[in-house]
Amino acid sequence: MVQRRSRTTVARRRCRRVRAAAPTAAVALALALGLAACSGCDGGGPAAPATTAAATAPRPSSPAKLTIVTPRNGQTVRQDRPEVRVDLTGAKIINQTSTRIEGDQGHLHLLVDGKLVTMNYGLSERLPQLPPGQHVVQVEFVAADHAPFDPRILTQAAFVVAG
């Protein structure tokens with residue numbers, strides 16, 4: 001005699017499989033988005049290889065201190081492509097992408113108005129052309145695998161491009 005499973009039993013098993021797969025899918029999606037953002041930047045090397053272990057492992061901390069020298073918070077600049085200069089202490093910039101993470105090694109990600117505009121392997125970078133008005137530049141010191149440290153090493157400044 002063939003036993004039939006009730007619809008409820010089949011539905012419960014399907015839900016368990018979906019719930020079990022959801023965290024893995026979320027981690028994979030987050031990693032893919034992060035790597036896509038980095039690999040499309042100017043001035044970068046190859047993006048870090050996607051690994052599930054790296055995505056689930058705890059992030060290292062960093063002793064780095066990061067300060068934006070120019071533009072200063074509240075400053076009005078006359079150039080439509082202002083230069084960002086930063087000061088980094090307690091760490092050094094390296095240009096290799098690697099899954100071997102050291103807390104005192106990494107590179108910079110520059111964001112303007114919430115959008116990643118470049119990865120930088122130095123302490124200064126000219127921003128893309130900006131329209132007149134207020135803008136926010138963020139600079140983050142990230143690990144050699146392009147992911148942030150924990151806690152994040154991030155600073156920002158709001159400035160105005162003169163019209």
Side-chain angles (χ1 to χ4, degrees), residues 16-73 75 77 79-131 134-159 161:
R16 280 188 213 131
R17 284 194 302 269
V18 169
R19 280 194 304 257
T24 303
V27 168
L29 177 61
L31 183 60
L33 290 173
L35 290 176
C38 285
S39 64
C41 301
D42 292 335
T51 61
T52 304
T56 59
R59 297 299 301 167
S61 63
S62 174
K65 302 287 184 221
L66 187 63
T67 307
I68 296 175
V69 177
T70 62
R72 293 179 317 279
N73 200 38
Q75 180 180 2
V77 296
Q79 309 90 350
D80 62 354
R81 293 194 64 222
E83 182 178 26
V84 174
R85 287 187 291 148
V86 299
D87 183 40
L88 176 68
T89 58
K92 65 180 179 178
I93 294 177
I94 60 170
N95 61 5
Q96 303 96 318
T97 297
S98 173
T99 57
R100 185 171 170 254
I101 306 303
E102 300 288 335
D104 64 346
Q105 298 177 359
H107 65 273
L108 302 176
H109 284 182
L110 273 73
L111 298 93
V112 175
D113 300 331
K115 296 179 184 173
L116 184 65
V117 294
T118 188
M119 292 183 299
N120 199 13
Y121 298 98
L123 297 176
S124 66
E125 178 74 26
R126 185 131 336 251
L127 294 177
Q129 188 168 0
L130 299 172
Q134 185 163 343
H135 299 279
V136 176
V137 64
Q138 295 175 306
V139 183
E140 182 169 18
F141 181 66
V142 298
D145 65 352
H146 299 275
F149 289 103
D150 185 17
R152 294 178 83 162
I153 311 298
L154 179 70
T155 189
Q156 67 180 24
F159 65 98
V161 173

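Because the structure is predicted, anything quoted here is derived from the model rather than measured. Worth knowing before you read on, the calculation uses all heavy atoms, side chains too, and leaves out hydrogens, waters and symmetry mates.
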Looking only at heavy atoms, which two atoms of [X] and [Y] are closest? And how far apart?
| X | Y | value |
| --- | --- | --- |
| P128 | V117 | CG-CG1, 4.0 Å |
| P60 | I101 | CG-CG2, 3.3 Å |
| V139 | L66 | O-CD2, 3.4 Å |
| P82 | F159 | CG-CE1, 3.8 Å |
| A64 | L88 | CB-CD1, 3.9 Å |
| P63 | G90 | CG-O, 3.4 Å |

Worksheet item: In terms of the angle between their ring planes, are H109 and H146 parallel, tilted or perpendicular, with boundaries placed at 30° and 60°?
Response: parallel

For [X], side chain to side chain donor-acceptor pair (under 3.5 Å) partners two or more places apart:
| X | answer |
| --- | --- |
| D87 | none |
| Q75 | none |
| D113 | H135 |

Practice prompt. Determine, step by step, whether V142 and L108 satisfy the side chain to side chain contact (heavy atoms under 4.5 Å, CB included) criterion, reporting the C-alpha distance in whole Å, the side-chain angles of both residues, the deciding distance to 0.1 Å, and the verdict.
Written response: CA-CA 6 Å; V142 298; L108 302 176; over 6 Å; no

Just list the side-chain donor-acceptor pairs under 3.5 Å for residues 147-156, sequence neighbours left out, or say none.
{"from": "R152", "atom 1": "NE", "to": "E140", "atom 2": "OE2", "distance (Å)": "2.7"}
{"from": "R152", "atom 1": "NH2", "to": "E140", "atom 2": "OE1", "distance (Å)": "2.7"}
{"from": "R152", "atom 1": "NH2", "to": "E140", "atom 2": "OE2", "distance (Å)": "3.2"}
{"from": "Q156", "atom 1": "OE1", "to": "Q138", "atom 2": "NE2", "distance (Å)": "2.9"}

Worksheet item: Are any of the side-chain heavy atoms of V112 and L130 separated by less than 4.5 Å?
Response: yes

Discussion item. Counting C-beta onward and ignoring hydrogens, is there a side-chain heavy-atom pair between D145 and R59 closer than 4.5 Å?
Written reply: yes

Discussion item. Treating N73 as the side-chain partner and A158 as the backbone partner, does any N or O pair qualify as donor plus acceptor under 3.5 Å?
Written reply: yes

Discussion item. Would the distance check show the side chain of T118 and the main-chain N or O of N120 forming a donor-acceptor pair, the cut-off being under 3.5 Å?
Written reply: no

Item to complete: For the pair I93 and N95, evaluate side chain to side chain contact (heavy atoms under 4.5 Å, CB included) and give the outcome as yes or no after the intermediate values.
Response: CA-CA 7 Å; I93 294 177; N95 61 5; over 6 Å; no

Item to complete: Could you list all the salt bridge (charged side-chain N to carboxylate O under 4.0 Å, His left out) pairs where at least one residue sits in residues 101-110, not counting sequence neighbours?
Response: R100-E102

Worksheet item: Which value, rounded to the nearest 0.5 Å, describes the distance between L127 atom CG and R81 atom CZ?
Response: 8.0 Å

Worksheet item: Atom NE2 of H107 and atom CZ of F141: how far apart are they, to the nearest 0.5 Å?
Response: 9.0 Å

Discussion item. Take a 6.0 Å sphere around CZ of R72 and say whether it holds more than 12 heavy atoms from other residues, nucleotides or ligands.
Written reply: no

Item to complete: Go through the structure and list residues passing side-chain contact (heavy atoms from CB on, under 4.5 Å) with S124, not counting sequence neighbours.
Response: E83, R85

Worksheet entry | Partners passing side-chain contact (heavy atoms from CB on, under 4.5 Å) against K92 (at least two apart in sequence or in another chain) | I94, Q105

Practice prompt. Show your working on side chain to side chain contact (heavy atoms under 4.5 Å, CB included) between V137 and I68 and close with a plain yes or no.
Written response: CA-CA 9 Å; V137 64; I68 296 175; 4.0 Å; yes

